[in-house]
Participant: 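Mind having a look at this structure? Questions to follow.
The analysis underlying the following values was restricted to heavy atoms, covering all of them including side chains, and did not include hydrogens, waters or symmetry mates. So you know, we letter chains A, B, ... as the sequences are listed, proteins then strands, and number each from 1.
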Amino acid sequence: MKLVIVESPAKAKTINNYLGKDYEVLASFGHVRDLPAKDGSVLPDEDFAMSWEVDAASRKRLSDIGNALKEADELILATDPDREGEAISWHVLDVLRGKKLLKDKPVSRVVFNAITKAAITEAMQHPRQIDEPLVDAYLARRALDYLVGFTLSPVLWRKLPGSRSAGRVQSVALRLVCERESEIERFRPQEYWSVGARLNEKSKSFEARLYSVDGRKTDKLDIASASEAEALKRAIEAGAFSVAAVDRKPTRRNPYPPFTTSSLQQDASSRLGFSPSRTMQIAQRLYEEGVITYMRTDAVQMAPEGIDEARRAIVKTFGSDYLPEKPRIYQTKAKNAQEAHEAIRPTDMFRHPDTLRGDADKHRLYELIWKRTLASQMRSAEIERTTADISVFATSRDIALRAVGSVVTFPGFLALYGVEAGADREDGDEDSRELPPLAVGDRPRLEEALIEQHFTQPPPRYSEASLIKKMEELGIGRPSTYAATMSVLQERNYVRLEKRTLIPEDRGRIVTAFLESFFNRYVEYGFTAQLEEQLDLLSNGKLAWKDVLRQFWTDFSAHVEEIRTFAFPRFWMP
DNA sequence: CAGTGAGCGAGCTTCCGCTTGACTT
């Protein structure tokens, strides 16, 4: 019998089915050990010695694994194919060796990117050993996070009473919220006017907007006062109209890629009103029931089986007109993506949402995943976009208007997964606006000249979901921790959630101001990205992990000492 | 003499990332 170790029990169950009787698959339930949450867990002065501690729950798991190992003649470590996965294998192996349970039994490491029979069978034929440089990169990451957090936090306690914590991830997330708030406070709304006309041709009304005045194209903010707008309105009212040019252009809109953790959290937030943590709780249940693939992922790729099933489901549901000739392949754009899993998708595309039993939230989330997955493989929507240039003549000014309309000539994926209003383009409403059939030389008549006052708007506050999206873009945090980071910022009273937007508390803003002033390097938006570059070199064997840590610690500790002993003026203390 | 209050010292907080139950409500 061969003993296989993976991290999650649901994954263990699936793999057990694929591998059959000669194997026993057990779950480690995540990292089996961690640094104790107290001082001295990493000792820079003792060559960065790290002390590991097995918690009570893991102790039980490890003894189960140990007992199974007694009956087994081989150990196969099959945790995720990324840095943290390699570390889990290393931790498990290190504990088993420490207990002298391994004897002389062979140990190997296998990795697969999708939990499918083909991928696992293939992986089993290519075993390797633990990737030590990758484990080293984990050790450097783990130690650095500990040293930053457990050094900066006490400095904060001392200098800013009431503050609670700082860290590589949470402090940057907090900074994003605070900087956005400052932008909003600095923002001065600017007045501008839109000018246009409601015209009529062949008994059908349509709207045209001001395009140019005296031969110069007008920009959004060009008409800044009521008097200018009214002058233009009078000129339009006095004029006559002629269609000078009509341009019809077919365009297409492509579907979105399948869900990652971050994009699922965003869409569940905007379309269903779920918080990221609620989304993850529901997704976890769907995963445990075997209904969806793993929900903590940064990959947009689907296993070939998934793509194939989606394509067959499209034909069955919509007919072959909705199926593109070739499968769509998506590329991950997120920085720092590890792509240890595939995208989040239904495990069975023929499991229609309406057949899913269970509560309403589960049904709604599954329906969103099902639709997004299916849509991601459907044909593009085809849209005919018409642009009509209309000159205004017989009036005091040289004015041109432009009318834009578009008609969906083939819905494609839009039949299933609509584009959210205002989601990614300002002129989104024009997608559905239809123009009458216009031809050059037509003389539409004026129904009404239109002017309207507007003010520019400040940037919006972040929601939990949009902050996570931003963090993902910066490569900060991981799918397994996005929701947790949102909770930390609130528990520390650094931010509060109001109408699903994040508002920084005074305490959060003071902490951010302090960190920006005295530890700017460590809360820069690119700090994690720079760290990741070093970790890449490390995992390629081009750097030694202790050298990376030593370089970091030399600068960091000297700087901390300087700030820690600096006598702040009394007024600093709140 | 009892109550008050100044002053002192001890103990506590804290990171990120991987994973579920075992808790309570």
Participant: NA contact type, A:Arg33, heavy-atom cut-off 4.0 Å: base, sugar-phosphate, or nothing?
Facilitator: nothing
Participant: Using a 4.0 Å heavy-atom cut-off, does A:Asp39 contact any base of the nucleic acid, only the sugar-phosphate backbone, or nothing at all?
Facilitator: base
Participant: Using atom CE of A:Met280 as one end and atom P of B:dC18 as the other, report the distance to the nearest whole Å.
Facilitator: 11 Å
Participant: Of all the choices, B:dT20, B:dT14, B:dG17, which nucleotide is nearest to the side chain of A:Glu84 once you look at every atom?
Facilitator: B:dG17
Participant: CG of A:Asn540: more than 12 outside heavy atoms within 6.0 angstrom?
Facilitator: yes
Participant: Confirm from the modelled atom types if A:Arg478 and B:dC16 form a donor-acceptor pair under 3.5 Å, side chain to base only.
Facilitator: no
Participant: What is the separation between atom CG on A:Leu144 and atom P on B:dT14, rounded to the nearest whole Å?
Facilitator: 20 Å
Participant: Should the pair A:Arg180 and A:Tyr462 be classed as cation-pi, given the thresholds of under 6.0 Å to the six-membered ring centre and 45° from the axis?
Facilitator: yes
Participant: Among B:dC15, B:dC18, B:dT14, find the nucleotide with the atom closest to the side chain of A:Ile88.
Facilitator: B:dC18
Participant: Taking atom types as they are modelled, would you say the side chain of A:Arg142 forms a donor-acceptor pair with the base of B:dC15 within the 3.5 Å cutoff?
Facilitator: yes
Participant: Using atom CG of A:Leu156 as one end and atom C1' of B:dT14 as the other, report the distance to the nearest whole Å.
Facilitator: 9 Å
Participant: Think A:Arg550 forms a cation-pi with A:Trp545, using NZ or CZ under 6.0 Å from the six-ring centre and within 45 degrees of its axis?
Facilitator: no
Participant: Mind calculating the distance between CZ (A:Phe150) and P (B:dG17) to the nearest angstrom?
Facilitator: 14 Å
Participant: Rounded to whole angstrom units, what separation is found between the CZ atom of A:Arg61 and the C1' atom of B:dG21?
Facilitator: 8 Å
Participant: Does A:Arg141 reach a base, just sugar-phosphate, or nothing at all? Heavy atoms under 4.0 Å.
Facilitator: base
Participant: Taking the minimum atom-to-atom distance to the side chain of A:Ser480, which one of B:dC15, B:dG21, B:dC18 wins?
Facilitator: B:dC18
Participant: Stacking here means centres under 5.5 Å and planes under 30°; does A:Trp157 stack on B:dT13?
Facilitator: yes
Participant: Looking at B:dG21, B:dT14, B:dC16, which one has an atom nearest to any side-chain atom of A:Ser165?
Facilitator: B:dT14
Participant: Taking any heavy-atom pair under 4.0 Å as a contact, classify A:Gly149: base, sugar-phosphate, or nothing.
Facilitator: base
Participant: Using a 4.0 Å heavy-atom cut-off, does A:Ala166 contact any base of the nucleic acid, only the sugar-phosphate backbone, or nothing at all?
Facilitator: sugar-phosphate
Participant: Base, sugar-phosphate alone, or nothing: which one does A:Tyr482 contact when heavy atoms must sit under 4.0 Å apart?
Facilitator: nothing
Participant: Assess the pair A:His91 and A:Tyr138: is the distance between their ring centroids shorter than 6.0 Å?
Facilitator: yes
Participant: Ring of A:Tyr525, cation from A:Arg175 - is the NZ or CZ under 6.0 Å from the centre and inside 45° of the axis?
Facilitator: yes
